[in-house]
Engineer: 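Quick one: the structure is below, questions incoming.
Counting begins at 1 with the first residue of the sequence. Remember, it's a predicted structure, so these values are computed and weren't measured experimentally.
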Amino acid sequence: MNYSYVSHLICPKCSTTCNVTEPQHLCTCGSPLLVEYDLETLAEEWSPADLRDRPADLWRYHELLPLQDPAYKTSLGEGMSPLVPLPTLQEDMDIRQLHMKDEGIIPTGSFKARGAAVGVSKAKELGVKELAMPTNGNAGAAWSLYAARASLESTIVMPVDAPKITRNECALSGANLYLVDGLISDAGRIVGKAVEEHGLYDVSTLKEPYRIEGKKTMGLEIAEQLGWEVPDVILYPTGGGVGLIGIYKALKELQRLGWIKSDKMPRLVAVQSEGCAPIVEAWNQGLRSSSFWENSETIAFGINVPKALGDFLVLDALYETEGCAIAVDDASLLDEQKRIAQKEGAFVCPEGAAAFLAARKLRETNWINADDHVVVLNTGAGIKYPDTVNIEIPILNPGEELQSKG
Ligand SMILES: Cc1ncc(COP(=O)(O)O)c(C=O)c1O
Ligand SMILES: [Zn+2]
(Lines give C-alpha, C1' and ligand atoms only; values in the text may rest on other atoms or scores of the structure.)
(Ligands and ions follow the chains in the order given, each with its own letter.)
Protein backbone atom coordinates (compact mmCIF):
# COMPACT_ATOMS: atom_id res chain seq x y z
CA MET A 1 0.00 0.00 0.00
CA ASN A 2 1.09 3.58 -0.65
CA TYR A 3 1.27 6.12 2.17
CA SER A 4 -0.83 8.50 0.05
CA TYR A 5 -3.09 7.83 -2.95
CA VAL A 6 -2.86 11.42 -4.14
CA SER A 7 -2.82 11.59 -7.93
CA HIS A 8 -2.95 15.19 -9.17
CA LEU A 9 -4.49 18.65 -8.77
CA ILE A 10 -7.51 19.74 -10.75
CA CYS A 11 -9.09 23.11 -11.41
CA PRO A 12 -12.80 23.05 -10.51
CA LYS A 13 -13.43 25.85 -13.04
CA CYS A 14 -11.57 24.82 -16.22
CA SER A 15 -10.47 21.22 -15.41
CA THR A 16 -6.77 21.95 -15.99
CA THR A 17 -4.63 19.40 -14.14
CA CYS A 18 -1.28 19.93 -12.36
CA ASN A 19 1.20 17.66 -10.61
CA VAL A 20 1.68 17.35 -6.84
CA THR A 21 5.46 17.07 -7.01
CA GLU A 22 6.20 20.77 -7.53
CA PRO A 23 4.89 23.82 -5.65
CA GLN A 24 1.53 24.90 -7.13
CA HIS A 25 -0.71 27.82 -6.33
CA LEU A 26 -3.74 29.01 -8.31
CA CYS A 27 -4.77 27.67 -11.72
CA THR A 28 -3.83 29.90 -14.65
CA CYS A 29 -7.56 30.84 -14.80
CA GLY A 30 -7.32 32.23 -11.24
CA SER A 31 -9.26 29.46 -9.49
CA PRO A 32 -8.01 27.51 -6.48
CA LEU A 33 -6.86 23.96 -7.26
CA LEU A 34 -8.30 20.87 -5.60
CA VAL A 35 -6.46 17.65 -4.72
CA GLU A 36 -7.53 14.42 -6.42
CA TYR A 37 -6.85 10.86 -5.27
CA ASP A 38 -6.91 7.48 -6.99
CA LEU A 39 -10.13 6.55 -5.24
CA GLU A 40 -10.78 3.47 -7.40
CA THR A 41 -7.57 1.76 -6.27
CA LEU A 42 -7.96 3.09 -2.73
CA ALA A 43 -11.49 1.64 -2.50
CA GLU A 44 -10.02 -1.80 -3.22
CA GLU A 45 -7.03 -1.52 -0.90
CA TRP A 46 -8.35 0.40 2.12
CA SER A 47 -11.21 -0.19 4.53
CA PRO A 48 -12.46 1.27 7.85
CA ALA A 49 -10.99 -1.75 9.65
CA ASP A 50 -7.50 -0.48 8.74
CA LEU A 51 -8.06 2.52 11.00
CA ARG A 52 -8.73 0.47 14.11
CA ASP A 53 -5.21 0.47 15.59
CA ARG A 54 -4.08 3.86 14.32
CA PRO A 55 -3.34 6.85 16.58
CA ALA A 56 -6.24 9.23 17.25
CA ASP A 57 -4.98 12.07 15.08
CA LEU A 58 -5.73 13.26 11.56
CA TRP A 59 -2.83 11.29 10.06
CA ARG A 60 -4.89 8.13 10.55
CA TYR A 61 -6.36 9.06 7.16
CA HIS A 62 -2.94 9.43 5.47
CA GLU A 63 -4.05 7.52 2.36
CA LEU A 64 -6.52 10.35 1.73
CA LEU A 65 -4.01 13.14 2.44
CA PRO A 66 -1.50 14.66 0.00
CA LEU A 67 1.77 13.98 1.87
CA GLN A 68 3.63 11.22 0.00
CA ASP A 69 6.64 10.70 2.25
CA PRO A 70 5.89 10.37 5.99
CA ALA A 71 9.41 11.60 6.75
CA TYR A 72 8.08 15.14 6.20
CA LYS A 73 5.10 14.77 8.51
CA THR A 74 4.91 17.77 10.85
CA SER A 75 2.56 17.01 13.70
CA LEU A 76 1.70 18.23 17.17
CA GLY A 77 -0.95 15.53 17.64
CA GLU A 78 -3.74 17.46 15.90
CA GLY A 79 -7.09 15.94 15.01
CA MET A 80 -9.68 13.49 16.30
CA SER A 81 -11.29 16.22 18.36
CA PRO A 82 -14.27 15.06 20.41
CA LEU A 83 -17.81 15.01 19.07
CA VAL A 84 -19.48 16.15 22.26
CA PRO A 85 -23.18 15.46 22.93
CA LEU A 86 -25.02 18.54 24.26
CA PRO A 87 -28.14 17.15 25.96
CA THR A 88 -29.16 20.33 27.79
CA LEU A 89 -28.68 22.63 24.84
CA GLN A 90 -30.45 20.25 22.48
CA GLU A 91 -33.45 20.23 24.77
CA ASP A 92 -33.33 24.00 25.04
CA MET A 93 -33.29 24.28 21.22
CA ASP A 94 -35.83 21.44 20.77
CA ILE A 95 -33.53 19.42 18.53
CA ARG A 96 -33.47 15.60 18.76
CA GLN A 97 -29.71 15.32 18.73
CA LEU A 98 -27.09 18.07 18.92
CA HIS A 99 -23.35 17.47 18.84
CA MET A 100 -20.44 19.89 19.03
CA LYS A 101 -17.32 19.00 17.08
CA ASP A 102 -14.94 20.74 19.46
CA GLU A 103 -11.89 22.18 17.74
CA GLY A 104 -11.05 24.25 20.80
CA ILE A 105 -8.80 21.64 22.29
CA ILE A 106 -6.40 20.95 19.44
CA PRO A 107 -2.86 22.40 19.21
CA THR A 108 -2.72 26.21 18.80
CA GLY A 109 -6.32 26.43 20.06
CA SER A 110 -8.20 26.32 16.77
CA PHE A 111 -9.04 24.03 13.84
CA LYS A 112 -6.45 25.97 11.82
CA ALA A 113 -3.90 23.47 13.16
CA ARG A 114 -5.34 20.89 10.74
CA GLY A 115 -4.70 22.95 7.63
CA ALA A 116 -1.31 24.01 8.94
CA ALA A 117 -0.18 20.46 9.78
CA VAL A 118 -0.99 19.13 6.33
CA GLY A 119 0.01 22.31 4.47
CA VAL A 120 3.36 22.69 6.24
CA SER A 121 4.17 18.99 5.87
CA LYS A 122 3.50 19.14 2.12
CA ALA A 123 5.47 22.40 1.80
CA LYS A 124 8.43 20.73 3.50
CA GLU A 125 8.14 17.75 1.14
CA LEU A 126 8.13 20.16 -1.83
CA GLY A 127 11.38 21.74 -0.63
CA VAL A 128 9.88 25.07 0.48
CA LYS A 129 12.09 27.14 2.80
CA GLU A 130 9.96 30.20 3.61
CA LEU A 131 6.20 30.69 3.54
CA ALA A 132 4.04 33.82 3.79
CA MET A 133 0.40 34.51 4.57
CA PRO A 134 -2.18 37.13 5.53
CA THR A 135 -4.37 36.03 8.44
CA ASN A 136 -7.17 37.01 10.78
CA GLY A 137 -5.06 35.53 13.56
CA ASN A 138 -5.70 31.85 14.16
CA ALA A 139 -4.34 30.64 10.82
CA GLY A 140 -1.18 32.71 11.23
CA ALA A 141 -0.72 31.34 14.74
CA ALA A 142 -1.07 27.76 13.52
CA TRP A 143 1.04 28.11 10.39
CA SER A 144 3.88 29.95 12.13
CA LEU A 145 4.04 27.39 14.95
CA TYR A 146 3.92 24.41 12.58
CA ALA A 147 6.48 26.14 10.33
CA ALA A 148 8.76 26.46 13.36
CA ARG A 149 8.37 22.74 14.04
CA ALA A 150 9.31 22.00 10.43
CA SER A 151 12.24 24.49 10.55
CA LEU A 152 10.65 26.70 7.87
CA GLU A 153 10.68 30.50 7.98
CA SER A 154 7.35 32.29 8.01
CA THR A 155 6.19 35.81 7.25
CA ILE A 156 2.78 36.69 8.65
CA VAL A 157 0.69 39.86 8.20
CA MET A 158 -2.43 40.31 10.34
CA PRO A 159 -4.87 43.12 11.20
CA VAL A 160 -3.85 45.14 14.24
CA ASP A 161 -7.25 44.26 15.77
CA ALA A 162 -6.78 40.48 15.52
CA PRO A 163 -6.99 38.64 18.87
CA LYS A 164 -3.82 39.46 20.78
CA ILE A 165 -3.07 35.89 21.72
CA THR A 166 -2.78 34.93 18.05
CA ARG A 167 -0.29 37.73 17.58
CA ASN A 168 1.71 36.35 20.51
CA GLU A 169 1.62 32.82 19.10
CA CYS A 170 3.18 34.09 15.86
CA ALA A 171 5.73 36.29 17.59
CA LEU A 172 6.78 33.53 19.96
CA SER A 173 7.29 31.11 17.08
CA GLY A 174 9.91 33.46 15.61
CA ALA A 175 7.80 34.42 12.57
CA ASN A 176 8.47 37.68 10.73
CA LEU A 177 5.26 39.25 11.99
CA TYR A 178 3.68 42.50 10.76
CA LEU A 179 0.44 44.17 11.81
CA VAL A 180 -1.67 46.15 9.35
CA ASP A 181 -4.09 48.86 10.34
CA GLY A 182 -6.81 47.35 8.16
CA LEU A 183 -8.53 44.08 7.23
CA ILE A 184 -7.31 40.66 6.10
CA SER A 185 -7.88 41.84 2.51
CA ASP A 186 -5.33 44.64 3.14
CA ALA A 187 -2.92 42.12 4.66
CA GLY A 188 -3.46 39.97 1.55
CA ARG A 189 -2.37 42.74 -0.78
CA ILE A 190 0.83 43.28 1.22
CA VAL A 191 1.65 39.57 1.24
CA GLY A 192 0.88 39.30 -2.50
CA LYS A 193 3.48 41.95 -3.24
CA ALA A 194 6.08 40.33 -0.96
CA VAL A 195 5.49 36.97 -2.62
CA GLU A 196 6.08 38.50 -6.05
CA GLU A 197 9.17 40.43 -5.02
CA HIS A 198 10.87 37.99 -2.67
CA GLY A 199 9.74 34.63 -4.04
CA LEU A 200 8.08 33.45 -0.82
CA TYR A 201 5.77 30.41 -0.87
CA ASP A 202 2.26 31.87 -0.73
CA VAL A 203 0.02 29.99 1.71
CA SER A 204 -2.86 32.49 1.65
CA THR A 205 -6.27 30.85 1.98
CA LEU A 206 -6.79 28.57 -1.05
CA LYS A 207 -3.71 29.89 -2.84
CA GLU A 208 -2.02 26.61 -2.01
CA PRO A 209 -4.10 23.47 -2.46
CA TYR A 210 -3.24 21.47 0.65
CA ARG A 211 -4.80 23.42 3.49
CA ILE A 212 -8.25 22.16 2.43
CA GLU A 213 -6.99 18.61 2.79
CA GLY A 214 -6.11 19.21 6.44
CA LYS A 215 -9.47 20.78 7.15
CA LYS A 216 -11.21 18.00 5.25
CA THR A 217 -10.32 15.69 8.13
CA MET A 218 -13.07 17.34 10.22
CA GLY A 219 -15.55 15.74 7.81
CA LEU A 220 -13.74 12.38 7.85
CA GLU A 221 -13.78 12.39 11.65
CA ILE A 222 -17.46 13.32 11.97
CA ALA A 223 -18.35 10.38 9.71
CA GLU A 224 -16.06 7.98 11.57
CA GLN A 225 -17.30 9.17 14.98
CA LEU A 226 -20.88 8.54 13.86
CA GLY A 227 -20.08 5.00 12.68
CA TRP A 228 -19.83 6.01 8.98
CA GLU A 229 -23.20 7.73 9.06
CA VAL A 230 -23.78 11.42 8.42
CA PRO A 231 -25.91 13.86 10.45
CA ASP A 232 -28.83 15.74 8.89
CA VAL A 233 -27.28 19.19 9.23
CA ILE A 234 -23.73 20.54 9.75
CA LEU A 235 -23.27 24.22 10.66
CA TYR A 236 -19.95 25.91 10.08
CA PRO A 237 -18.80 29.50 10.83
CA THR A 238 -17.66 30.64 7.40
CA GLY A 239 -14.94 33.14 6.58
CA GLY A 240 -12.77 31.92 3.69
CA GLY A 241 -14.98 28.84 3.69
CA VAL A 242 -12.12 26.34 3.58
CA GLY A 243 -13.54 24.20 6.37
CA LEU A 244 -16.92 23.92 4.70
CA ILE A 245 -15.40 23.14 1.31
CA GLY A 246 -13.18 20.56 3.02
CA ILE A 247 -16.01 18.87 4.94
CA TYR A 248 -18.05 18.60 1.73
CA LYS A 249 -15.05 17.20 -0.16
CA ALA A 250 -14.41 14.64 2.60
CA LEU A 251 -17.99 13.36 2.61
CA LYS A 252 -18.04 13.03 -1.18
CA GLU A 253 -14.75 11.12 -1.12
CA LEU A 254 -16.10 8.78 1.57
CA GLN A 255 -19.19 8.15 -0.54
CA ARG A 256 -17.05 7.35 -3.57
CA LEU A 257 -14.99 4.96 -1.43
CA GLY A 258 -18.22 3.30 -0.33
CA TRP A 259 -17.50 3.98 3.36
CA ILE A 260 -20.64 6.06 3.78
CA LYS A 261 -23.37 3.72 2.65
CA SER A 262 -26.25 6.07 1.88
CA ASP A 263 -26.03 8.79 -0.74
CA LYS A 264 -27.61 11.19 1.72
CA MET A 265 -25.53 14.34 2.31
CA PRO A 266 -25.95 16.53 5.37
CA ARG A 267 -27.42 19.95 4.59
CA LEU A 268 -24.43 22.26 5.00
CA VAL A 269 -24.96 25.68 6.58
CA ALA A 270 -22.55 28.60 6.16
CA VAL A 271 -22.85 30.89 9.17
CA GLN A 272 -21.64 34.48 8.97
CA SER A 273 -21.96 37.66 11.00
CA GLU A 274 -24.39 40.41 10.00
CA GLY A 275 -21.34 42.70 9.90
CA CYS A 276 -19.69 40.59 7.19
CA ALA A 277 -22.06 38.35 5.23
CA PRO A 278 -21.03 38.19 1.57
CA ILE A 279 -21.85 34.47 1.23
CA VAL A 280 -25.26 34.95 2.85
CA GLU A 281 -26.02 37.84 0.50
CA ALA A 282 -25.02 35.76 -2.53
CA TRP A 283 -27.02 32.75 -1.33
CA ASN A 284 -30.09 34.91 -0.70
CA GLN A 285 -29.91 36.04 -4.31
CA GLY A 286 -29.23 32.57 -5.69
CA LEU A 287 -25.82 33.65 -7.02
CA ARG A 288 -22.76 31.46 -7.69
CA SER A 289 -20.21 33.99 -6.41
CA SER A 290 -20.11 36.80 -3.85
CA SER A 291 -19.28 40.52 -3.93
CA PHE A 292 -16.76 42.33 -1.72
CA TRP A 293 -18.41 43.31 1.60
CA GLU A 294 -17.52 46.93 2.34
CA ASN A 295 -16.54 48.07 5.86
CA SER A 296 -16.90 44.62 7.36
CA GLU A 297 -16.85 44.35 11.13
CA THR A 298 -17.59 41.58 13.63
CA ILE A 299 -16.45 40.39 17.01
CA ALA A 300 -16.18 36.89 15.49
CA PHE A 301 -12.85 37.80 13.99
CA GLY A 302 -12.18 34.58 12.08
CA ILE A 303 -15.22 35.11 9.90
CA ASN A 304 -14.42 38.69 8.99
CA VAL A 305 -13.58 37.92 5.36
CA PRO A 306 -15.10 40.45 2.93
CA LYS A 307 -14.49 38.36 -0.20
CA ALA A 308 -13.44 34.73 -0.24
CA LEU A 309 -11.43 33.32 -3.14
CA GLY A 310 -13.34 30.06 -2.85
CA ASP A 311 -16.80 31.67 -2.54
CA PHE A 312 -18.08 29.72 -5.57
CA LEU A 313 -17.00 26.42 -3.98
CA VAL A 314 -18.81 27.30 -0.74
CA LEU A 315 -21.96 28.30 -2.61
CA ASP A 316 -21.83 25.13 -4.75
CA ALA A 317 -21.63 23.03 -1.57
CA LEU A 318 -24.66 24.85 -0.13
CA TYR A 319 -26.75 24.42 -3.28
CA GLU A 320 -25.72 20.81 -3.87
CA THR A 321 -26.59 19.73 -0.31
CA GLU A 322 -29.78 21.83 -0.10
CA GLY A 323 -28.12 23.75 2.68
CA CYS A 324 -28.31 27.46 3.38
CA ALA A 325 -26.41 30.54 4.54
CA ILE A 326 -27.45 32.65 7.50
CA ALA A 327 -26.11 35.71 9.32
CA VAL A 328 -26.35 36.41 13.05
CA ASP A 329 -25.64 39.58 15.03
CA ASP A 330 -22.72 40.06 17.39
CA ALA A 331 -24.69 40.89 20.55
CA SER A 332 -26.84 37.77 20.19
CA LEU A 333 -23.90 35.50 19.49
CA LEU A 334 -22.26 36.69 22.71
CA ASP A 335 -25.49 35.82 24.55
CA GLU A 336 -25.39 32.38 22.95
CA GLN A 337 -21.73 31.98 24.00
CA LYS A 338 -22.77 32.65 27.60
CA ARG A 339 -25.76 30.30 27.35
CA ILE A 340 -23.57 27.43 26.09
CA ALA A 341 -21.09 27.95 28.95
CA GLN A 342 -23.93 27.97 31.48
CA LYS A 343 -25.86 25.03 30.06
CA GLU A 344 -23.03 22.79 28.90
CA GLY A 345 -19.82 24.07 30.50
CA ALA A 346 -18.25 24.69 27.12
CA PHE A 347 -16.41 27.96 26.50
CA VAL A 348 -16.74 28.20 22.73
CA CYS A 349 -15.15 30.85 20.54
CA PRO A 350 -17.33 33.67 19.12
CA GLU A 351 -17.28 32.02 15.67
CA GLY A 352 -18.53 28.77 17.19
CA ALA A 353 -21.17 30.68 19.17
CA ALA A 354 -22.37 32.20 15.89
CA ALA A 355 -22.90 28.70 14.48
CA PHE A 356 -24.83 27.58 17.57
CA LEU A 357 -27.01 30.68 17.39
CA ALA A 358 -27.68 29.93 13.73
CA ALA A 359 -28.83 26.42 14.70
CA ARG A 360 -31.22 27.95 17.23
CA LYS A 361 -32.61 30.39 14.67
CA LEU A 362 -32.98 27.76 11.95
CA ARG A 363 -34.85 25.54 14.40
CA GLU A 364 -37.18 28.43 15.25
CA THR A 365 -38.07 28.82 11.56
CA ASN A 366 -38.38 25.03 11.14
CA TRP A 367 -35.56 24.92 8.59
CA ILE A 368 -34.06 22.51 11.13
CA ASN A 369 -36.67 19.92 12.14
CA ALA A 370 -37.25 18.70 15.69
CA ASP A 371 -36.06 15.20 14.72
CA ASP A 372 -32.88 16.29 12.93
CA HIS A 373 -29.42 15.29 14.05
CA VAL A 374 -27.32 18.47 14.03
CA VAL A 375 -23.54 18.90 14.27
CA VAL A 376 -22.10 22.34 15.02
CA LEU A 377 -18.41 23.12 14.54
CA ASN A 378 -16.85 25.01 17.41
CA THR A 379 -13.79 26.10 15.48
CA GLY A 380 -11.68 27.34 18.37
CA ALA A 381 -11.19 27.84 22.09
CA GLY A 382 -13.13 30.61 23.80
CA ILE A 383 -10.12 31.22 26.01
CA LYS A 384 -8.30 32.70 23.00
CA TYR A 385 -10.73 35.67 23.12
CA PRO A 386 -10.68 36.89 26.74
CA ASP A 387 -11.80 40.38 25.74
CA THR A 388 -15.17 39.28 24.38
CA VAL A 389 -16.41 38.46 27.87
CA ASN A 390 -17.58 41.50 29.81
CA ILE A 391 -19.29 40.47 33.01
CA GLU A 392 -19.26 42.61 36.17
CA ILE A 393 -17.65 40.70 39.02
CA PRO A 394 -17.87 41.84 42.66
CA ILE A 395 -14.55 42.74 44.26
CA LEU A 396 -14.20 42.09 47.98
CA ASN A 397 -11.92 43.73 50.49
CA PRO A 398 -9.84 41.22 52.49
CA GLY A 399 -11.92 40.12 55.46
CA GLU A 400 -15.24 41.02 53.83
CA GLU A 401 -17.96 38.35 53.97
CA LEU A 402 -20.22 37.05 51.19
CA GLN A 403 -23.71 38.57 51.28
CA SER A 404 -25.24 35.42 49.83
CA LYS A 405 -24.10 32.21 48.18
CA GLY A 406 -25.85 32.96 44.89
C1 LIG B 1 -12.10 30.41 14.97
C2 LIG B 1 -12.35 30.49 13.50
N3 LIG B 1 -13.51 30.00 13.01
C4 LIG B 1 -13.80 30.04 11.68
C5 LIG B 1 -12.92 30.60 10.77
C6 LIG B 1 -13.28 30.61 9.33
O7 LIG B 1 -12.59 29.61 8.64
P8 LIG B 1 -12.73 29.29 7.11
O9 LIG B 1 -11.67 30.03 6.41
O10 LIG B 1 -12.55 27.82 7.00
O11 LIG B 1 -14.11 29.72 6.68
C12 LIG B 1 -11.69 31.11 11.23
C13 LIG B 1 -10.72 31.70 10.30
O14 LIG B 1 -9.88 32.50 10.64
C15 LIG B 1 -11.40 31.04 12.62
O16 LIG B 1 -10.24 31.50 13.11
ZN1 LIG C 1 -8.64 26.79 -14.13
Side-chain angles (χ1 to χ4, degrees), residues 10-16 26-27 29-36 39 101 205-206 209 211-213 215-216 218-220 222-223 229-257 260 262-274 276-293 303 305-328 351 354-355 357-359 361-369 372-377 379:
I10 189 158
C11 171
K13 276 210 167 136
C14 72
S15 302
T16 297
L26 296 178
C27 177
C29 79
S31 165
L33 294 165
L34 297 177
V35 182
E36 288 278 304
L39 293 178
K101 178 75 173 155
T205 304
L206 294 177
R211 190 199 295 203
I212 295 183
E213 298 306 296
K215 293 192 177 183
K216 172 179 92 174
M218 291 186 287
L220 300 176
I222 291 170
E229 301 278 347
V230 295
D232 297 299
V233 179
I234 298 179
L235 295 103
Y236 179 79
T238 303
V242 185
L244 193 133
I245 298 165
I247 290 170
Y248 183 50
K249 186 172 188 286
L251 297 178
K252 281 202 302 190
E253 286 171 355
L254 289 176
Q255 277 182 342
R256 284 180 58 198
L257 286 173
I260 294 179
S262 79
D263 46 4
K264 175 188 134 189
M265 264 283 163
R267 280 131 62 210
L268 298 179
V269 180
V271 180
Q272 299 201 297
S273 159
E274 283 177 2
C276 182
I279 301 284
V280 179
E281 182 85 8
W283 184 82
N284 281 338
Q285 296 177 28
L287 301 176
R288 297 250 155 213
S289 65
S290 65
S291 302
F292 190 91
W293 190 274
I303 54 176
V305 180
K307 165 79 181 159
L309 194 56
D311 55 357
F312 69 102
L313 294 170
V314 176
L315 287 159
D316 281 354
L318 303 185
Y319 295 130
E320 283 165 23
T321 62
E322 296 176 357
C324 73
I326 178 171
V328 296
E351 296 84 353
L357 177 59
K361 290 182 146 219
L362 290 171
R363 176 68 198 98
E364 281 164 10
T365 59
N366 271 325
W367 191 92
I368 289 176
N369 301 312
D372 277 339
H373 179 189
V374 176
V375 172
V376 175
L377 272 295
T379 41

Engineer: I'd like to know if the side chain of Y319 reaches the main chain of L287, judged simply by a donor and an acceptor atom lying under 3.5 Å from each other, with no hydrogens or angles considered.
Structural biologist: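 Answer holds: yes.
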
Engineer: Assess whether a salt bridge exists between R256 and E253, defined as any Lys/Arg side-chain N lying under 4.0 Å from an Asp/Glu carboxylate O.
Structural biologist: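 Salt bridge absent between R256 and E253.
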
Engineer: With rounding to the nearest 0.5 Å, note down the distance linking CD1 in I303 to OG1 in T379.
Structural biologist: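 Here the rounded value is 8.0 Å.
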
Engineer: Rounded to the nearest 0.5 Å, what separation is found between the CG atom of L244 and the CG atom of L377?
Structural biologist: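 Going from CG on L244 over to CG on L377, the span is 8.5 Å.
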
Engineer: Which pairs, with at least one residue in residues 307-316 and sequence neighbours excluded, count as a side-chain hydrogen bond (donor to acceptor under 3.5 Å, both in side chains)?
Structural biologist: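 Non-adjacent pairs meeting side-chain hydrogen bond (donor to acceptor under 3.5 Å, both in side chains): R288-D316, S290-D311, K307-D311.
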
Engineer: CG/D372 to CZ/R267 distance, rounded to the nearest 0.5 angstrom?
Structural biologist: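 The distance works out to 5.0 Å.
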
Engineer: Shortest non-hydrogen contact from V233 to L235?
Structural biologist: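 It is CG1-CD1, 3.9 Å.
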
Engineer: Show me, pair by pair, the donor-acceptor contacts under 3.5 angstrom made by side chains of residues 277-284, not counting sequence neighbours?
Structural biologist:
residue, atom, partner, partner atom, Å
E281, OE2, Q285, NE2, 3.2
N284, ND2, V280, O, 3.4

Engineer: Are side-chain heavy atoms of V230 and I222 found at a separation under 4.5 Å?
Structural biologist: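 V230 vs I222: side chains apart.
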
Engineer: If I compare all heavy atoms of I234 with all of P266, which pair ends up nearest, and what's the gap?
Structural biologist: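 It is CD1-CG, 3.8 Å.
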
Engineer: Hey, does L251 have a side-chain heavy atom less than 4.5 Å from the side chain of I260?
Structural biologist: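 Yes. Closest side-chain heavy atoms under 4.5 Å.
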
Engineer: To the nearest 0.5 Å, how far apart are CD1 in I326 and CG in L362?
Structural biologist: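 Answer for the CD1-CG pair, I326 versus L362, is 4.0 Å.
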
Engineer: Side chains of L313 and K249: does their closest heavy-atom pair fall under 4.5 Å?
Structural biologist: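 SC-SC contact between L313 and K249 ruled out.
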
Engineer: What residues, two or more places apart in sequence or in another chain, satisfy side-chain hydrogen bond (donor to acceptor under 3.5 Å, both in side chains) together with E320?
Structural biologist: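 Testing E320 for side-chain hydrogen bond (donor to acceptor under 3.5 Å, both in side chains), a comparison that skips the adjacent residues, returns Y248.
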
Engineer: At what distance, to the nearest 0.5 angstrom, does CG of L254 lie from NZ of K252?
Structural biologist: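 Between atom CG of L254 and atom NZ of K252 there are 12.5 Å.
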
Engineer: Considering non-hydrogen atoms only, spot the tightest contact between I212 and L206 and give its length.
Structural biologist: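 Minimum heavy-atom contact is CD1-CD2, 3.3 Å.
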
Engineer: Are E322 and M265 side-chain neighbours, meaning at least one heavy-atom pair lies under 4.5 Å?
Structural biologist: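 Side chain of E322 against side chain of M265, heavy atoms only: no contact under 4.5 Å found.
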
Engineer: Holding to side chain to side chain contact (heavy atoms under 4.5 Å, CB included), I want the full list of residues that pass it with T16, two or more places apart in sequence or in another chain.
Structural biologist: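 Listed in chain order: C11, C14, C27.
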
Engineer: So, for L318 and L268, which heavy atoms are closest and what is the spacing to 0.1 Å?
Structural biologist: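 For L318 versus L268, the nearest heavy atoms are CD2-O, 3.3 Å.
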
Engineer: Can you give me the closest heavy-atom contact between A359 and I368, atom names plus distance?
Structural biologist: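 So the minimum-distance heavy-atom pair works out to O-CD1, 3.8 Å.
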
Engineer: Nearest 0.5 Å please: distance from the NZ atom of K216 over to the CD1 atom of I245.
Structural biologist: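 It is 13.5 Å, given to the nearest 0.5 Å.
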
Engineer: Just to verify, what does N369 make a side-chain hydrogen bond (donor to acceptor under 3.5 Å, both in side chains) with, not counting sequence neighbours?
Structural biologist: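 Not a single residue meets the side-chain hydrogen bond (donor to acceptor under 3.5 Å, both in side chains) criterion with N369.
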
Engineer: Residues in side-chain hydrogen bond (donor to acceptor under 3.5 Å, both in side chains) with D232, at least two apart?
Structural biologist: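 Per chain and number, D232 pairs via side-chain hydrogen bond (donor to acceptor under 3.5 Å, both in side chains) with K264.
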
Engineer: Of all the heavy-atom pairs spanning H373 and P231, show the shortest one and how long it is.
Structural biologist: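 For H373 and P231, the tightest heavy-atom pair comes out as O-CB, 3.5 Å.
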
Engineer: Answer whether the closest heavy-atom distance between the side chains of T205 and V305 falls below 4.5 Å.
Structural biologist: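 The answer is no, as the side chains (C-beta and beyond) never meet within the 4.5 Å cut-off.
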
